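Single-structure report; data block below.
Because the structure is a prediction, the values reported are computed rather than measured.
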Amino acid sequence: MASDNILSRLQNKRILLGITGGIAAYKCAELVRLYKKAGAEVHVVMTKSAQEFVTPLTLQALSGNPVHTSLLDPEAEAGMGHIELARWADLVVIAPATANFLANLSQGKGDDLLNTICLATKSPIALAPAMNQQMWASPATQNNISTLKTLFSSDRLNWMGPAEGEQACGDIGPGRMLEPAQITELSASFFNEGIFSGQHIVITAGPTQEAIDPVRYISNHSSGKMGYAIAQAAVDLGAKVTLISGPTNLSTPERVTRINIKSAEQLLETSLLLISTTDIFIASAAVADYRPSEIAEHKIKKVDGEDQMIIKLVKNPDIVATVAQHPERPFTVGFAAETRDVKTYAHSKLERKNLDMIVANDVSNTNIGFNSDNNAASIYWPEGQKELELMSKTQMAKEILLTVHATYSKSRSATK
Ligand code: C5P
């Protein structure tokens, strides 16, 4: 049966499951569950007759998304219309695919939502036929199948089964839909394995805001760009990614789960909540070192005759160091912004914070770092170092992750 490894390729993948009206439709509840378990996002489209076999509500509950049933529903079209769904999908799976659906597809019909999606998508379509063995053997069905095989190249249209065996009607022969576990495994095989498939990477990004009173705070100029670029690159390399972000103006990278925080204490709390499921922790947030010792309940007013105001600050927890000292510590990567002696300071931070790796940059150069789109950095780990020349933060994010992967996979094989 499916190895965990191949199923991890489904992480973050977008599966559009089209259900047509056959008795095997009841098995789709299990199919959706398996896709979700493997980390895929699922949108279900049902034909009218499919809804006679299984309710949209069941599939909505299991997929966590509204079920799409109608081509001409203005409300649904305003939300996610047929073209959007066709573009959204990485893979379209039709299970069960009835004889009628195969006939429609072979003729390029666009008379219902599922047909139009199949016409409009650029992604591969996988068909899991299910029908009575005599219907499967019928010259008309076989003719439609040959037409489909001629019309579509094999990388655009794929066949999952049917299997042979006992059928719901009592007949024995080809026409059984493959089992949900087999369909899930075959769906996974459409995707390449990313180097971080099956890994959960948690990234902290952006500034923290430390409240002084209900309307004021202490913060810094961090844009969050580096952390967001790492989140996007980690998804592209197959990881499941959670971004714990301070306030930024950036939009959440696709397929990334973002948790918004404001203060360092919230950042710590969220990081620790996730720690038992985190494989790699990358701390790129610019955490305020200190916070006001007390947050005033009401807006602090100016005091006549007082030209000075003193705010007492207390040290914030060091999030990355706390994570790195935790009994369930993930592979932990920190950042260091320095203005001089970069290597010396980075090495001492690596040791002091018990990190596996540190990415250090020289922020005395104003062309790079904080708000810029570019960065140059040196990466240090106990056994080595790597220089990354000036490049875009997008490119740098990928380079950092490739370096993390090399050391991380060595440390994992050493502990196995
Ligand atoms: O000590 P310094 O602030 O230079 O360390 C920077 C690294 O430590 C970054 O990875 C930053 O995200 C992390 N950090 C943290 N919690 C703090 C301060 C820094 O996680 N309170």
Side-chain angles (χ1 to χ4, degrees), residues 202-228 230-231 243-250 259-275 278 281-296 300 308-326 329-330 332-366 368-372 375 377-380 393 400:
V202 175
I203 299 154
T204 74
T208 64
Q209 287 181 354
E210 310 296 339
I212 297 170
D213 68 15
V215 294
R216 303 184 180 94
Y217 56 80
I218 298 173
S219 191
N220 59 63
H221 289 297
S222 167
S223 64
K225 283 178 187 164
M226 193 66 242
Y228 278 58
I230 293 175
L243 181 64
I244 315 176
S245 176
T248 70
N249 290 322
L250 304 173
I259 302 174
N260 292 325
I261 53 90
K262 283 198 171 142
S263 67
E265 286 180 305
Q266 289 170 346
L267 180 53
L268 178 64
E269 192 187 330
T270 312
S271 304
L272 292 178
L273 265 180
L274 297 175
I275 202 163
T278 306
F281 185 80
I282 302 180
S284 73
V287 184
D289 289 331
Y290 292 89
R291 67 176 184 278
S293 61
E294 276 169 32
I295 304 172
I300 300 171
Q308 279 192 5
M309 173 190 178
I310 294 170
I311 300 174
K312 189 173 164 202
L313 301 176
V314 291
K315 212 170 201 171
N316 261 329
D318 191 313
I319 289 114
V320 78
T322 312
V323 166
Q325 266 140 30
H326 195 276
R329 83 188 287 287
T332 309
V333 182
F335 275 71
E338 306 293 346
T339 51
R340 62 194 165 97
D341 296 333
V342 176
K343 186 170 180 175
T344 316
Y345 284 124
H347 263 290
S348 80
K349 224 166 260 184
L350 186 73
E351 245 173 69
R352 185 162 39 84
K353 299 197 184 205
N354 193 30
L355 307 179
D356 296 294
M357 192 169 268
I358 193 155
V359 182
N361 57 354
D362 185 343
V363 286
S364 63
N365 180 346
T366 48
I368 61 176
F370 258 39
N371 257 314
S372 161
N375 210 349
S378 310
I379 309 181
Y380 302 99
K393 283 187 175 170
I400 291 170

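Among Thr204, Leu267, Leu274, Val202, the one residue that satisfies the side-chain contact (heavy atoms from CB on, under 4.5 Å) test with Ile259 is Leu274.
Residues Val323 and Thr278 fail the side-chain proximity criterion, which asks for heavy atoms closer than 4.5 Å. With contacts defined as side-chain heavy-atom distances shorter than 4.5 Å, the pair Pro247/Asn260 does not qualify. Side-chain contact between Ile319 and Thr322: absent, with no pair of heavy atoms (C-beta onward) separated by less than 4.5 Å. The shortest side-chain heavy-atom distance between Phe335 and Met226 falls under the 4.5 Å cut-off.
Here the side chain of Asp356 pairs no donor or acceptor atom with the backbone of Val333 at under 3.5 angstrom. The backbone N or O of Val287 sits nowhere less than 3.5 Å from a side-chain atom of Asn316 that would complete a donor-acceptor pair. Checking side-chain atoms of Ser245 against main-chain N and O of Gly206 turns up no donor-acceptor pair under 3.5 Å. Remark: the backbone N or O of Glu269 is not paired with any side-chain donor or acceptor of Ser271 at under 3.5 angstrom. Side chain of Ser263 to backbone of Gln209: no donor-acceptor contact under 3.5 angstrom is found. Under the 3.5 Å distance criterion, the side-chain polar atoms of Asp213 are matched with a main-chain donor or acceptor of Ile300.
The heavy-atom pair separating Gly224 from Ala205 by the smallest distance is O-CB, 4.3 Å.
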Could you walk me through whether Tyr345 and Ile358 pass the side chain to side chain contact (heavy atoms under 4.5 Å, CB included) check? CA-CA 11 Å; Tyr345 284 124; Ile358 193 155; over 6 Å; no
The test is side chain to side chain contact (heavy atoms under 4.5 Å, CB included); show your working for Leu355 and Lys349 and say whether it passes. CA-CA 8 Å; Leu355 307 179; Lys349 224 166 260 184; 5.5 Å; no
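Residues forming a side chain to side chain donor-acceptor pair (under 3.5 Å) with Glu265 (at least two apart in sequence, or on another chain): Arg291. Partners of Tyr380 under the ring pair (Phe, Tyr, Trp, His ring centres under 6.0 Å) rule, at least two apart in sequence or in another chain, are His347. For Leu313, the side-chain contact (heavy atoms from CB on, under 4.5 Å) partners two or more places apart in sequence, or in a different chain, are Ile218, Tyr290, Pro292, Ile311.
The environment of Gln325 atom CD is dense: over 12 non-hydrogen atoms of other residues, nucleotides or ligands sit within 6.0 angstrom.
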